[in-house]
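The structure appears right after this line, and notes come after that.
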There are 2 protein chains.
Amino acid sequence: MDRPVLPLLGSPRAARADAVRNRRQLLATAREMLAEQGVARLTMDALAERAGLGKGTVYRRFGTRAGIFQALIEDDEHAFQERVLSGPPPLGPGAPALDRLIAYGRARAAFLIEHREIVRAAIDGRRPVPAGTEMRLSQMHIRMLLTQIPLDGADLDILAVQLTAALEAPLLLYLSAADFTDDALHTQERTARGWQDLVQRVCRRP
Amino acid sequence: MDRPVLPLLGSPRAARADAVRNRRQLLATAREMLAEQGVARLTMDALAERAGLGKGTVYRRFGTRAGIFQALIEDDEHAFQERVLSGPPPLGPGAPALDRLIAYGRARAAFLIEHREIVRAAIDGRRPVPAGTEMRLSQMHIRMLLTQIPLDGADLDILAVQLTAALEAPLLLYLSAADFTDDALHTQERTARGWQDLVQRVCRRP
DNA sequence: AGTGTAAGCGGACTTTCCCCCGCTTAATAT
DNA sequence: ATATTAAGCGGGGGAAAGTCCGCTTACACT
């Protein structure tokens, strides 16, 4: 019997059990090594060996070294998105869109500072401002909120990209600089205030 | 190009002739290889060999692989900054600050698209080099223009960082995506319009 | 259960980045 | 001119990223 030529959308194939297991194992091991030895010691070879797997498997699962850190962040990001999508206002639904936008910036700044070690490692090897998938979620959320605010004649797609970058830029700049330790909270707060000021300016009517 | 070192405050020493010569030689060779063989073939070893110099010299001059691309951009950037600082209005001095800001965004977008190949290579770099120098100039200029616009109670440093990132984000996002070729001008124009809209919103009075 | 097959796995191999450090040389002082 | 010295130079080498491809195995369909 001929097998279906095109699998229907969303069912290309179930992920194999060993693949899922190995992915989990690698992420867990990566977190251990990160906590114990810091970012620098987390090499692909060391990770593979400590996880008891082959190097090829690490690459199959994450593609690049930066991919590991992105995966780690996305992992944590799930809980964060949960709060954003269905938590209490003003972050979650129920508050005016502008308030949610401001709250989102504040929460996002806190999130990035809280995970600064991993974030730093993730941007260390890749794109400066737009940093992969994590940013895509931010962008989508911001765009969604923007649709609920009257902004005559604005290009929402561009505006969402601009605002997402504007939100993260001060933090990424800070994290890119070497030796951040003490004034993290100060940067976080200043970023949050700057964000609030920016979106209020952008969204107010003339 | 001469090194952009500030000779003002107690210059410790003049740059050595051979150092300057080698730097020029390396940049020229890098441009050749870039044009002939594309980005991927431009390795530190290959560059050194073709330039007839040692690997150590390449590393000494540019620090990292990404540093080469940054140096190439800065080279071109010099002419650009010339126009910005002392060219005709509205880009150069003489026009209202808001108009200059808008003109700057448009010119910057054109510049980045024009040099898209190199910019892309610089983005792909592995590690942050001395600093994102290219961006710093943008930031300083934008901040300078902002001081000439009444913006009550804004944190100018943060705002400059935010706007710089907002300006470049759409372009960098586009350049990060693989296979850009045809719709470059479209992206450029859309970015320029988006920038104009953004700064007008930010700078208008309530 | 048996079987076909696509996906996953592993680890040796290649590439290339970046560091190191003894030797050389240009700029300056005597 | 000669001596001094700090900066520059070179290329070997370690280390880690990323690739390749034959072997293995989980899953789906009889």
Side-chain angles (χ1 to χ4, degrees), chain A residues 1-8 11-27 29-30 33-34 37-71 121-126 178, chain B residues 3 5 7 10-27 29-30 33-34 37-71 121-122 124-130:
Chain A
M1 197 66 188
D2 292 342
R3 45 188 321 102
V5 183
L6 288 177
L8 294 181
S11 64
R13 188 169 278 258
R16 262 171 65 160
D18 52 352
V20 175
R21 181 170 8 99
N22 286 341
R23 183 191 171 85
R24 266 194 248 271
Q25 167 72 3
L26 285 169
L27 285 179
T29 306
M33 296 179 69
L34 221 46
Q37 305 176 320
V39 171
R41 291 277 185 182
L42 179 46
T43 69
M44 303 299 257
D45 294 88
L47 174 60
E49 179 169 0
R50 177 151 170 180
L53 297 168
K55 209 177 163 185
T57 304
V58 179
Y59 274 94
R60 171 170 297 276
R61 291 277 77 85
F62 302 109
T64 76
R65 180 177 140 92
I68 292 176
F69 297 106
Q70 293 201 359
I123 63 178
D124 213 34
R126 279 303 188 212
Chain B
R3 311 193 51 179
V5 196
S11 58
R13 190 171 284 262
R16 265 171 63 158
D18 52 352
V20 174
R21 181 170 5 100
N22 286 340
R23 184 190 170 85
R24 267 194 247 269
Q25 167 72 4
L26 285 169
L27 284 180
T29 306
M33 295 178 70
L34 220 45
Q37 304 174 324
V39 171
R41 291 277 184 179
L42 179 47
T43 71
M44 305 292 262
D45 292 11
L47 174 60
E49 179 169 357
R50 177 152 170 178
L53 298 168
K55 277 179 286 189
T57 305
V58 179
Y59 184 69
R60 171 174 295 277
R61 289 277 79 82
F62 302 108
T64 72
R65 179 176 141 89
I68 293 176
F69 297 107
Q70 293 205 354
D124 274 346
R126 311 224 169 259
R127 300 186 133 187
V129 197

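Lettering follows sequence order; numbering is per chain, from 1.
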Near-strand residues of residues 53-61 of chain A, defined as heavy-atom separation under 4.0 angstrom from DNA chain C: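 Those residues whose heavy atoms fall under 4.0 Å from DNA chain C, taken from residues 53-61 of chain A in numerical order, are A:Leu53, A:Gly54, A:Lys55, A:Gly56, A:Thr57, A:Arg60, A:Arg61.
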Excluding sequence neighbours, so at least two apart, what forms side-chain hydrogen bond (donor to acceptor under 3.5 Å, both in side chains) with A:Asp45?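 side-chain hydrogen bond (donor to acceptor under 3.5 Å, both in side chains) check on A:Asp45 returns A:Lys55.
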Report the residues that fulfil side-chain hydrogen bond (donor to acceptor under 3.5 Å, both in side chains) with A:Arg50, sequence neighbours left out, ordered by chain and then residue number.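 Applying side-chain hydrogen bond (donor to acceptor under 3.5 Å, both in side chains) to A:Arg50 gives A:Glu32, A:Glu36.
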With sequence neighbours excluded, tell me which residues meet side-chain contact (heavy atoms from CB on, under 4.5 Å) with [X].
X: A:Glu49; result: none
X: B:Ala71; result: B:Arg23, B:Leu27, B:Phe62
X: B:Ala51; result: B:Gln25, B:Leu26, B:Thr29, B:Leu53

Gap between atoms [atom1] and [atom2], on [X] and [N] respectively (whole Å):
X: B:Met44; N: C:dC18; atom1: CE; atom2: P; answer: 6 Å
X: B:Asp18; N: C:dA27; atom1: CG; atom2: P; answer: 7 Å
X: A:Asp45; N: C:dC13; atom1: CG; atom2: P; answer: 14 Å
X: B:Glu49; N: C:dT15; atom1: CD; atom2: P; answer: 14 Å
X: B:Leu47; N: C:dC17; atom1: CG; atom2: C1'; answer: 13 Å
X: B:Phe62; N: D:dG8; atom1: CZ; atom2: P; answer: 13 Å
X: A:Arg65; N: C:dT15; atom1: CZ; atom2: C1'; answer: 18 Å
X: A:Gln25; N: C:dG8; atom1: CD; atom2: C1'; answer: 16 Å

I'd like to check B:Gln70 versus B:Thr64 (side-chain heavy atoms, cut-off strictly below 4.5 Å). Are they in contact?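 They are not in side-chain contact.
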Identify, between A:Arg21 and A:Gly63, the residue whose nearest nucleotide on DNA chain D lies closer to the 5' end.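 In this pair, the answer is A:Gly63.
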Given the structure, check if the side chain of A:Arg16 and the base of C:dA7 hold any donor-acceptor pair shorter than 3.5 Å.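 Check passes, donor-acceptor contact within cut-off.
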Are A:Asn22 and C:dC9 close enough that a side-chain N or O sits under 4.0 Å from OP1 or OP2?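 So the side chain of A:Asn22 is within the cut-off, an N or O lying under 4.0 Å from OP1 or OP2 of C:dC9.
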Shortest non-hydrogen separation from B:Leu42 to B:Ala30 and the atoms involved: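 Smallest interatomic distance, heavy atoms only, reads CD2-O, 4.1 Å.
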